[in-house]
Number of protein chains: 2
Amino acid sequence: MNQEGQTRIQREKRELILEAALDVFSVQGFRGATVDQIALAAGMSKPNLLYYFPNKEAIHHQLMERLLDTWLQPLEHMNPLGDPIAEITAYVQRKLEMARDYPRESRIFANEILRGAKQIMDLIEGELKELVDKQAGVMRGWIERGQMADVDPYHLIFSIWATTQHYSDFDAQVRAVLGPERNGNERFEGASRYLDRLYRKMLAPDAG
Amino acid sequence: MNQEGQTRIQREKRELILEAALDVFSVQGFRGATVDQIALAAGMSKPNLLYYFPNKEAIHHQLMERLLDTWLQPLEHMNPLGDPIAEITAYVQRKLEMARDYPRESRIFANEILRGAKQIMDLIEGELKELVDKQAGVMRGWIERGQMADVDPYHLIFSIWATTQHYSDFDAQVRAVLGPERNGNERFEGASRYLDRLYRKMLAPDAG
DNA sequence: CTAACATTTTTCCAATTGGTCAAATTTTGA
DNA sequence: TCAAAATTTGACCAATTGGAAAAATGTTAG
């Protein structure tokens, strides 16, 4: 036994299980994923897995809790003292990189929110909403000082989430529509150029 | 017996089942939905339902096939002879109205594509891709004639889908973040103003 | 009216799956 | 070293669920 009531094996195995769960849940969704699949992916038997987590829902919930932090990190890094357009387009790029590099995480969230976000409503109404409120305040400051166009910060943030995560969540559609010839990573390069353009033009302060 | 090998009762009951399936699938997803739930929602017994459809997948597939048409309709209505900015912002508004008025349809698609779109890949690679290709061609024409900014038509279409459907697919998150005070239909009015602004500014032809 | 056909219900089954339990094995600390 | 604690396994169970079969009931055309 050790600090926080966790043994070394417990820490390692829980980690292993959450990594496996990320794989399975992101492909199968919550209902579609079976405890057996997760156990197999984690290299252990089902009862063994259930020794570490009381049930399937607990795995999912803890996974989401942990992911939310990484997921929100780019938004935290917006600097109120920086140039708004540089800050926001940098945020867009960081989100797009995450969609490219962490599609499993993105899909798990999409899945959960599609289903009504019942398991993580507390996190959304808490942590997430507070961060959005804070950064919306920062943007309002920029707008008042005439440094960027006067647009609703909340809808701006929604549109950034939507446009970037689209490339992970709806990857199957994007690939199919672009066709095999445009299916390397240039799909993300194209998105990068397009989104940079989009937000740069929209955020440019209006004359007057 | 009647035309197309369908009796009156068959036509009516199939319709009833598809409407019920829309309700159930859009809330529970494919894996989460049970045949019993759909049968109950359609006001009949499970074996009775299975008299009309061979299995659960068949219901889902036919539902999607039928929905795709309505879903793509707004994109078909873009007029190559009209003003690009008017045409595209009108398209955005129509898509946003559909997200507001037909959230079940939107969520079913989102769910299916998230899962890899295996059941409707044929439709996406066929019907959908062809329409997108065609309208991308129209946009390229507009761009060449200097009537709108030079942006990638495919990514433009993706961003329109993403930003509008966000309000149905991720409704739970949008509501939670906006908080109870902004939760009437003004959430769609705000989105409408924001998106109109967004695309108007981005599409404005560049000087030169 | 009635035979052919369409629809519905009752009953049932096999597979899947989340989870339990007690026994066996391994690890750890004194 | 060795007993207590932690971990793992195998066997098992009950609930859910997709679907089949056949009997019962309803409908319709001649």
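The structure displayed is predicted, hence computed values, not measured ones. The chains referred to below are lettered A, B, ... by the order of the sequence lines, with proteins before strands, and numbering in each begins at 1.
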#### Entry: Whole-Å gap separating P (D/dG19) and CG (B/N55)
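After rounding, the reported distance stands at 5 Å.
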### Task
Could you tell me the separation between the CZ atom of A/F53 and the P atom of D/dT7, rounded to a whole number of Å?
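In whole Å, D/dT7 P and A/F53 CZ are 13 Å from each other.
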Just jot down the side-chain contact (heavy atoms from CB on, under 4.5 Å) partners of [X], sequence neighbours excluded, or say none.
X      : answer
B/T89  : B/I85, B/D196, B/Y199, B/R200
B/V138 : B/P80, B/Q135, B/W142
A/D133 : A/K129, A/Y154
B/L40  : none

Verify the contact: side-chain N or O of [X] to OP1 or OP2 of [N], cut-off strictly under 4.0 Å; return yes or no.
X     : N      : value
A/R8  : C/dT28 : yes
B/Q10 : C/dT7  : yes
A/T7  : D/dT7  : yes

### Message
Just to be sure I understand the geometry, which residues of residues 56-67 of chain A put a non-hydrogen atom under 4.0 Å away from DNA chain D?
### Response
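Those residues whose heavy atoms fall under 4.0 Å from DNA chain D, taken from residues 56-67 of chain A, amount to none.
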### Residues within residues 23-30 of chain B bordering DNA chain D, heavy-atom distance below 4.0 Å
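Here the set is empty: none.
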### Message
Using a strict threshold of under 4.0 Å (side-chain N to carboxylate O), is an ion pair present between A/R8 and A/E12?
### Response
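So A/E12 pairs with A/R8 through a salt bridge.
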### N-O pairing of B/D152 and A/R182 below 4.0 Å
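Judged by the 4.0 Å cut-off on N to carboxylate O distance, B/D152 and A/R182 do form a salt bridge.
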#### Entry: Under 3.5 Å donor-acceptor, B/K46 side chain and B/Q37 backbone
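Such a contact is absent between B/K46 side chain and B/Q37 backbone.
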Residues 105-121 of chain B side chain polar contacts: donor-acceptor under 3.5 Å, at least two apart:
{"residue": "B/S106", "atom": "OG", "partner": "B/S168", "partner atom": "OG", "Å": "2.9"}
{"residue": "B/S106", "atom": "OG", "partner": "B/D169", "partner atom": "OD1", "Å": "2.7"}
{"residue": "B/R107", "atom": "NE", "partner": "B/S168", "partner atom": "O", "Å": "3.1"}
{"residue": "B/R107", "atom": "NH2", "partner": "B/S168", "partner atom": "O", "Å": "3.3"}
{"residue": "B/E112", "atom": "OE2", "partner": "B/Q119", "partner atom": "N", "Å": "3.0"}
{"residue": "B/R115", "atom": "NH2", "partner": "A/N111", "partner atom": "OD1", "Å": "3.1"}
{"residue": "B/Q119", "atom": "OE1", "partner": "B/H60", "partner atom": "ND1", "Å": "2.9"}

Restricting both atoms to N or O, compile the protein contacts to nucleotides 24-26 of chain C shorter than 3.5 Å, with distance only.
none

### Query
For residues 111-122 of chain B, which residues have at least one heavy atom under 4.0 Å from DNA chain C?
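Residues of residues 111-122 of chain B that come under 4.0 Å of DNA chain C do not exist, since none gets that close.
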### Query
Quick one: ring pair (Phe, Tyr, Trp, His ring centres under 6.0 Å) pairs with a partner in residues 168-193 of chain B, sequence neighbours left out?
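Listed once each, the pairs are B/H166-B/F170.
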### Message
Test: ring pair (Phe, Tyr, Trp, His ring centres under 6.0 Å). Region: residues 31-58 of chain B. Which pairs qualify, not counting sequence neighbours?
### Response
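Pairs touching residues 31-58 of chain B that pass the test: none.
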### Message
Using the rule salt bridge (Lys or Arg N to Asp or Glu O under 4.0 Å), only one of A/R104, A/R66, A/K13 pairs with A/E19; which is it?
### Response
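Considering A/R104, A/R66, A/K13, a salt bridge (Lys or Arg N to Asp or Glu O under 4.0 Å) with A/E19 is found only for A/R104.
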### Message
Apply ring pair (Phe, Tyr, Trp, His ring centres under 6.0 Å) to residues B/Y167 and A/H155 and explain how you reach the verdict.
### Response
CA-CA 10 Å; B/Y167 291 94; A/H155 290 288; 5.6 Å; yes
### Message
For a quick check of understanding: with a heavy-atom distance under 4.0 Å over all strands, which category does A/A39 fall into, base, sugar-phosphate or nothing?
### Response
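No contact.
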### Summary
Reading nucleotides 8-16 of chain D from 5' to 3' and marking B where a protein heavy atom lies under 4.0 Å of the base, S where only the sugar-phosphate is that close, and - otherwise, the string is BBBB-----
